[in-house]
Amino acid sequence: MSILVDKNTRVVVQGITGSAGSFHAKQMLEYGTKVVAGVTPGKGGQRFEDRVPVYDSVEEAVKNEGADASVLFVPPALCADSICEACDAGIKLAVCITEGIPILDELKFRNYIGNKMRLIGPNCPGIITAGETKLGIMPGYIHKKGRVGVISRSGTLTYEAVWQLSNVGLGQTTCIGIGGDPIIGLKYIDLLELFRSDIETEAVVLIGEIGGQDEEMAAAFIKESKYPKPVITFIGGQTAPKGKRMGHAGAIIEGGKGTAQGKIQALEDAGVTVCKSPADIGETAAKILR
Amino acid sequence: MLLHEYQSKELFRQYGIKVPLFKVVSDHAEVESAWTSLNSSKVVIKAQAHTGGRGKAGGIQMSGSVQEAREISKKLLGSRLITYQSGKDGKPISKLIFEVPAQIQKELYFACMVNRQTYGYSLIASTEGGVDIEEVSRKSPEKIKIENISGLCEFNDFRFRRLAKGLGLSTELQKQFVQVAKGVLKMFTGLDCSLIEINPLVVTEGGELVALDAKVSVDDRALWRHSAIAEMRDKLQEDPLELQANEAGLNYVSLDGNIGCMVNGAGLAMATMDIIKYYGGNPANFLDVGGGANKDQIVTAFKLLMANKSVRAILINIFGGILKCDVLAEGIVQAAKEVEIKIPIVVRLEGTNVQRGREILGSSTLKFVTASSMAEAAKKVVEVAR
């Protein structure tokens, strides 16, 4: 079991002929992902790697190849349009890797897709179900099929947590990088809800960072819903100065809100295990599940 | 990207938001003509610098004669303004605003920003203007009024009216407030702003609503579609190291510790700062070389770290994904040829092509302390920085 994606997920890669798109489409194919189509407007009719058909539109990819999920490697200026196109074509899950989309564009497509399509990202590493499929840019080999679900706003810090979980022998079910932008699709709460009913997921690692209120909302959700599985967290940016954007567009402490301390407090109040050091995530999970 | 007050006010005028009459002075020779053209017995002189707390630091002064204006300008122009928000080096002053002082009856606060939860905008207003709004929000949150604006629906006058009424404004002022709110929202969405703050928005003795100050920040990621705004960037206001990093496509933030950090990915970079602190050290910077850094960027990153004189040791923490460990290692070896390195370097490499990366570092003449985990790396770097 897993959430959102598995070995049967049929993936279209939007922007497959670009440099990032083609590189990662190849990596995804190697991992075993069913990449059934690519889309680049104006390049329809080609074949990617001699096997994956390229179409001019997502609509054609859905109609001809039965694609139900999309991964986007579309440049920031064009990406909002591509997300709306995926939604309109009936894609059920879109994963947007692109970093640097204007925030007001993000507002518009987030409003447009509403509940019609699930979106992961933008500005994220994607989603992987260990040993089955990956829709994203994470190095596949660090993952190991196992027992823990991972949700994170970061990319490489997710790899770090995944690596620790693999090294302590726990492995992962599904890992999702939800993205470092202020406006994103699926949030912690949506994914915690999905992990709740996934039998193979025995615990959830939730990696947060400064900025916004999503971690606080996750804490309230865990408390109020009496979340049945252990949640282990780490919050990055405990040493970040106020008012400075720390790499991610969404990682900024504004108006005294969004501090690491505030988030840690809220999570601890909800009974969540908070790791003080990012090096302790794997060990902490192992202790709890032992 | 932050705009100066004078730039923001010029934009305000275009969006129908009233501002006081003002002139921009960037040279001593312009003082007299600015003074004369304002035709006022008193003129407020305001230093244009990207920092708050200008008033208390002497960056805003009243002049009663052209002679006095000359003296104030002489002191301010070309100097650096150090305030409680500016950092210890302050911000350079290369322009001044000469402004006709407003006859203030009442000071309000008004701001617009993106609402991350509603996928829309928030308008924030308060009767407590001209002071630190965070303080107001802590001490008397009931004095802060918020209206959430949909990201899709353009019919919001009723919300503006509700906000105006909540501030206890007269009927005439409520009308003016609706116009200000309309202008602000139009400018916010039209120019891809990430913040518009008017503090204070004043009610004058003459019964007009006027933006006395302005803080406007524009989304860097949308500057490609606003070339006129992009040209307003004042690079002198930015931290030189942060600017250099920015131009090389790197994310750098100066901090006040002594351990330089080079990391790939923003989340891991923050976590690296945190773990240094956890083991009793102090990070000198946040540096994210990004997912797909090339050799040149690694060289630039290394130079940035070495340019900070307080750095006593360096921690390189890389989890190779798209950025391959061998590329990083080559970059470091190359950088070491170009920059003299006298301080200890702790390296922790993991991920894609890690073996090859370790070999490149191992066969170079450089002396590295290697670590196999993040915790070990942090412990070691804190030790050698002592």
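Note on naming: letters A, B, ... go to the chains in the order of the sequence lines (proteins, then strands), and numbering restarts at 1 for each one. Here the structure is a predicted model, which is why all the values come from computation and not from measurement.
- Looking at B:T83, its side chain does come within 3.5 Å of a backbone N or O of B:G52 through a donor-acceptor pair.
- A:M246 touches chain B through backbone and side chain together, each having a heavy atom under 4.5 Å away.
- When heavy atoms are compared at a cutoff of 4.5 Å, B:F188 approaches chain A by way of both its backbone and its side chain.
- Using a 4.5 Å cut-off between heavy atoms, B:D256 does not touch chain A at all.
- Proximity to chain A is absent for every atom of B:S373, based on heavy atoms less than 4.5 angstrom apart.
- Atoms CZ and SG, on B:F286 and B:C261 in that order, are 10.0 Å from each other to the nearest 0.5 Å.
- With A:E215 contributing its side chain and A:E209 its backbone, the two residues share a donor-acceptor pair below 3.5 Å.
- Under 4.0 Å is where a charged nitrogen must lie from a carboxylate oxygen, and between B:R358 and B:E350 at least one such pair does.
- Residue contact with chain B, scored on non-hydrogen atoms closer than 4.5 Å, is absent for A:N167.
- Contact annotation for B:N264: both backbone and side-chain heavy atoms come within less than 4.5 Å of a heavy atom of chain A.
- Between B:E383 and B:K380 no salt bridge is recorded (no basic side-chain N to carboxylate O distance below 4.0 Å).
- Ring-plane geometry between A:F73 and A:H24 is classed as parallel, the angle between the planes falling under 30 degrees on a 0 to 90 degree scale with a further cut at 60.
- Considering only heavy-atom pairs separated by less than 4.5 Å from chain A, the leading option among B:L268, B:T352, B:V263 is B:L268.
- For the set B:L195, B:N282, B:N251, the count of heavy-atom pairs under 4.5 angstrom toward chain A peaks at B:N251.
- With hydrogens and angles disregarded, a donor-acceptor distance shorter than 3.5 Å links the side chain of B:N156 to the backbone of B:C153.
- Among the candidates B:R348, B:Q85, B:E376, the residue making the largest number of heavy-atom pairs closer than 4.5 Å to chain A is B:R348.
- Counted within 6.0 Å of CD on A:Q27, heavy atoms from surrounding residues, nucleotides or ligands total more than 12; the atom is thus considered enclosed.
- Interface remark: of the candidates A:I142, A:T158, A:D181, A:D181 forms the most heavy-atom pairs closer than 4.5 Å to chain B.
- For a residue to count as touching a neighbouring chain, one of its non-hydrogen atoms must lie under 4.5 Å from one of that chain's; by this rule B:Y278 touches chain A with the side chain only.
- Of the possible polar contacts, none joining the A:T133 side chain to the A:T129 backbone as a donor-acceptor pair under 3.5 Å is found.
- Contact count against chain B (heavy-atom pairs under 4.5 Å) is highest for A:K244 among A:R245, A:K244, A:E99.
- Using a 4.5 Å cut-off between heavy atoms, A:E160 touches chain B through backbone and side chain atoms alike.
- Both the backbone and the side chain of B:Q117 come within contact range of chain A, with heavy atoms under 4.5 Å apart.
- In terms of heavy-atom pairs under 4.5 angstrom with chain B, the leader among A:G180, A:A20, A:G236, A:A240 is A:G236.
- Contact count versus chain A (heavy atoms, under 4.5 Å) is highest, among B:I133, B:D192, B:I276, for B:D192.
- The side-chain heavy atoms of B:V114 and A:L107, taken from C-beta on, include a pair separated by under 4.5 Å.
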Going through the distances and angles, do A:D105 and B:R225 end up as a salt bridge (charged side-chain N to carboxylate O under 4.0 Å, His left out)? CA-CA 12 Å; A:D105 287 4; B:R225 56 186 173 204; 2.8 Å; yes
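- Residue B:A271 touches chain A through both its backbone and its side chain, counting heavy-atom pairs closer than 4.5 Å.
- For A:A77, the parts sitting under 4.5 Å from any heavy atom of chain B are the backbone and the side chain alike.
- With a 4.5 angstrom heavy-atom cutoff, B:E242 touches chain A only via side-chain atoms.
- Interatomic distance, A:K242 NZ to A:I210 CD1, rounded to the nearest 0.5 Å: 12.5 Å.
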